[in-house]
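These notes are about the structure you will find just below.
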Amino acid sequence: TLRSKEVPVEVDITGEVSSKYTVSEIKVPETIRIIGTKDALENIQSVKAESIDISDVTATTKINLALRLPEGVYPSQSEQVDYVYVLINNVAVTEIEIPVANIELRGIAEGCTAFTDESFDGVKLIVRGSEALVQSATASDFVISADLTGLEPGVHEVALSQEHIKSFSSVEMEPVRVQVTIKNEAH
């Protein structure tokens, strides 16, 4: 005679969805009912499923679980839990201009001044994230800075760094480097 038994399911979720999307939830069944002979079921404490790669997921979707079951053991047909649901939100995109005045030049040597090239009019950020977050994003959510520590007077090309405290899913910055002139005030 066949028996049934409820056991935990183990599923590994691998990969990342494209930065155009955010995953709002992944619902994985916690347990599954399996049927088989008494002997076959006795040794089973949990069931592993094939790992699920979500990197190609572009919309809310349900993915069938491929269970690794020993011979003579089957999922119970009465239960419809052998899916993983991946809930996807589209990501909003916006562009934010950061004017030169907002860019911090840090670490200027004592007695020196520093300024960016006249043709440089600021930084453009391409910000992605949940719609509510992106719609309310402003230049003041970001700190753009260049570290001039240890640089001598002269013209230097320096990397810009960008920090933000909100949980945007990605922020791209253009340009990522800027020309800075350092002058010794004494001269």
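Each of V178 and F115 belongs to its own hydrophobic cluster when Ile, Leu, Val, Met, Phe, Trp and Tyr are linked at side-chain heavy-atom distances under 4.5 angstrom. Hydrophobic clustering (ILVMFWY, side-chain heavy atoms < 4.5 Å, transitive): F120 and I108 are in one cluster. In the hydrophobic clustering of ILVMFWY residues, with side-chain heavy atoms under 4.5 Å counting as a link, L87 and L133 come out apart.
For T149, the side chain to side chain contact (heavy atoms under 4.5 Å, CB included) partners at least two apart in sequence or on another chain are D147. By the salt bridge (charged side-chain N to carboxylate O under 4.0 Å, His left out) test, E131 pairs with no residue at all, sequence neighbours left out. Under the ring-ring contact (aromatic ring centres under 6.0 Å, His included) criterion, H156 pairs with no residue at all, not counting sequence neighbours. Residues passing the side chain to side chain contact (heavy atoms under 4.5 Å, CB included) test with N102 are I98, P99, A139, sequence neighbours excluded. In this view, I44 and V7, I34, V47, P70, V73 satisfy the side chain to side chain contact (heavy atoms under 4.5 Å, CB included) rule, not counting sequence neighbours.
Side-chain contact between P75 and L67: present, with at least one pair of heavy atoms (C-beta onward) separated by less than 4.5 Å. Between V123 and I103 there is a side-chain heavy-atom pair separated by less than 4.5 Å. Using a 4.5 Å heavy-atom cutoff, the side chains of S119 and Q179 are not in contact. With contacts defined as side-chain heavy-atom distances shorter than 4.5 Å, the pair D53/I13 does not qualify. Looking at I54 and V23, their side chains come closer than 4.5 Å, going by heavy atoms from C-beta outward. Counting heavy atoms from C-beta on, the side chains of D56 and T58 never come closer than 4.5 Å. Using a 4.5 Å cut-off on side-chain heavy atoms (C-beta onward), V28 and I52 make no contact. Between I144 and L125 there is a side-chain heavy-atom pair separated by less than 4.5 Å.
Within 6.0 Å of atom CZ in R177, more than 12 heavy atoms from other residues, nucleotides or ligands are found, so the atom counts as buried in its surroundings.
Summarising the geometry of V9 relative to A49, their closest heavy-atom pair is CG1-CB, 4.5 Å, with the distance given to 0.1 Å. Heavy atoms only, all atoms of each residue included: I126 and E95 are closest at CG1-CG, 4.1 Å. For L148 against A114, the heavy-atom pair with the smallest separation is CD1-CB, 3.6 Å. Scanning all heavy atoms of the two residues, the minimum distance from E42 to Q45 falls at O-NE2, 3.5 Å.
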Donor-acceptor contacts under 3.5 Å from residues 166-176 side chains, at least two apart:
{"residue": "K166", "atom": "NZ", "partner": "D141", "partner atom": "OD1", "Å": "3.4"}
{"residue": "K166", "atom": "NZ", "partner": "D141", "partner atom": "OD2", "Å": "3.3"}
{"residue": "S169", "atom": "OG", "partner": "R128", "partner atom": "O", "Å": "3.2"}
{"residue": "E172", "atom": "OE2", "partner": "R128", "partner atom": "NH1", "Å": "2.7"}

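With T116 as the fixed residue, the side-chain contact (heavy atoms from CB on, under 4.5 Å) test singles out one of L160, V180, T181: V180.
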Could you give me the CA-CA distance, side-chain angles and deciding distance for R33 and K5, then say whether side chain to side chain contact (heavy atoms under 4.5 Å, CB included) is met? CA-CA 5 Å; R33 187 167 286 283; K5 177 179 181 178; 5.8 Å; no
Do K124 and E97 pass the salt bridge (charged side-chain N to carboxylate O under 4.0 Å, His left out) test, and can you show the C-alpha distance, the side-chain angles, and the key distance before you say yes or no? CA-CA 5 Å; K124 184 173 78 178; E97 303 279 340; over 6 Å; no
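Y85 does not carry K62 over the face of its six-membered ring by the limits of under 6.0 Å from the centre and within 45° of the normal.
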